[in-house]
Amino acid sequence: MKIAFATQDKERVDAHFGWAKSIVVYDVSPEGHRFIESFDFGDKLEEDGDEDKLAPKLEAIKDVAILYVAAIGGSGAARVVAMKIHPIKVSQPESIAEILEKLQGVLKGTPPPWLRKALAKDSERSFDFEDDEVTP
């Protein structure tokens, strides 16, 4: 299951979604987690009401199940939810590594309903092409 984190320093969830310098994406399973990709958005992130600044961020998270943020505006949240991504707001900066460890532990047990739904969304995207052998 892919998880995205809005971050300024790539170590902690410490950024508003619209103003995040980076979004880092990890794959998490009960067995572990691995870094997938970092999307960097530069420094022109002032609060300006420009909704178009969200477009590259929404593109970056298009295939994740969960998005961790320090904050997110109403329109951003609506757009994230419309993409069937579960946004989670942290009340204070939190270590990405610690969140990944906690998620891994929850996945080993019985995940809460919202997380099972996110897992189901992730499995809907899995395609097994090995059975579809094409002969020339």
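As the structure is a prediction and not an experimental result, all values here were calculated from the model. Residue numbers run from 1 in the order of the sequence given.
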Which residue pairs satisfy the ring pair (Phe, Tyr, Trp, His ring centres under 6.0 Å) criterion with at least one member in residues 67-93, sequence neighbours excluded?
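Counting only pairs at least two positions apart or across chains, the ring pair (Phe, Tyr, Trp, His ring centres under 6.0 Å) contacts touching residues 67-93 are Phe5-Tyr68, His86-Trp114.
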Under the ring pair (Phe, Tyr, Trp, His ring centres under 6.0 Å) test, which residues partner [X], sequence neighbours left out?
X	value
Phe17	none
His33	none
Phe35	Tyr26

Salt bridge Lys2-Asp27, side-chain N to carboxylate O under 4.0 Å:
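Not counted as a salt bridge, because no side-chain N and carboxylate O are separated by less than 4.0 Å.
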Output all residues satisfying side chain to side chain contact (heavy atoms under 4.5 Å, CB included) with [X], sequence neighbours left out; order by chain, then residue number.
X	answer
Pro30	Leu107, Lys108
Ala70	none
Val106	Pro111, Pro112, Leu115

Just verifying a value: how many Å separate Ile23 CD1 and Leu58 CG, rounded to the nearest 0.5 Å?
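CG of Leu58 is found 8.0 Å from CD1 of Ile23.
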Quick check for you: to the nearest 0.5 Å, what is the distance between Glu59 atom CD and Leu54 atom CG?
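The CD atom of Glu59 sits 13.0 Å away from the CG atom of Leu54.
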Residue pair Ile88 / Leu67, side-chain heavy-atom distance below 4.5 Å:
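No, side chains not in contact.
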Answer whether the closest heavy-atom distance between the side chains of Val24 and Glu37 falls below 4.5 Å.
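With C-beta onward as the side chain, the pair stays apart.
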Just list the side-chain donor-acceptor pairs under 3.5 Å for residues 89-102, sequence neighbours left out, or say none.
from  : atom 1 : to     : atom 2 : distance (Å)
Glu94 : OE2    : Lys102 : NZ     : 3.1
Ser95 : OG     : Ala97  : N      : 3.3
Ser95 : OG     : Glu98  : N      : 3.2

Taking all heavy atoms of Val69 and all of Ala6, pick out the closest pair and write down the distance.
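Taking every non-hydrogen atom into account, CG1-CB, 3.9 Å.
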When you measure from the centre of the six-membered ring of Phe41, is the NZ or CZ of Lys57 closer than 6.0 Å and no more than 45° off the axis?
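Yes; both conditions hold, so Lys57 lies above the ring face of Phe41.
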Same cluster for Ile3 and Val81 if Ile/Leu/Val/Met/Phe/Trp/Tyr side chains link at under 4.5 Å?
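No, because Ile3 and Val81 fall into different hydrophobic clusters, even though each may have its own neighbours under 4.5 Å.
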Does any pair with a residue in residues 5-19 pass salt bridge (Lys or Arg N to Asp or Glu O under 4.0 Å), and if so which ones, sequence neighbours excluded?
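Sorted pair list: Asp9-Arg12, Lys10-Asp40, Arg12-Asp14.
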Using the salt bridge (charged side-chain N to carboxylate O under 4.0 Å, His left out) criterion, which residues pair with Glu31? Sequence neighbours excluded.
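Scan of Glu31 (salt bridge (charged side-chain N to carboxylate O under 4.0 Å, His left out), adjacent residues dropped) gives none.
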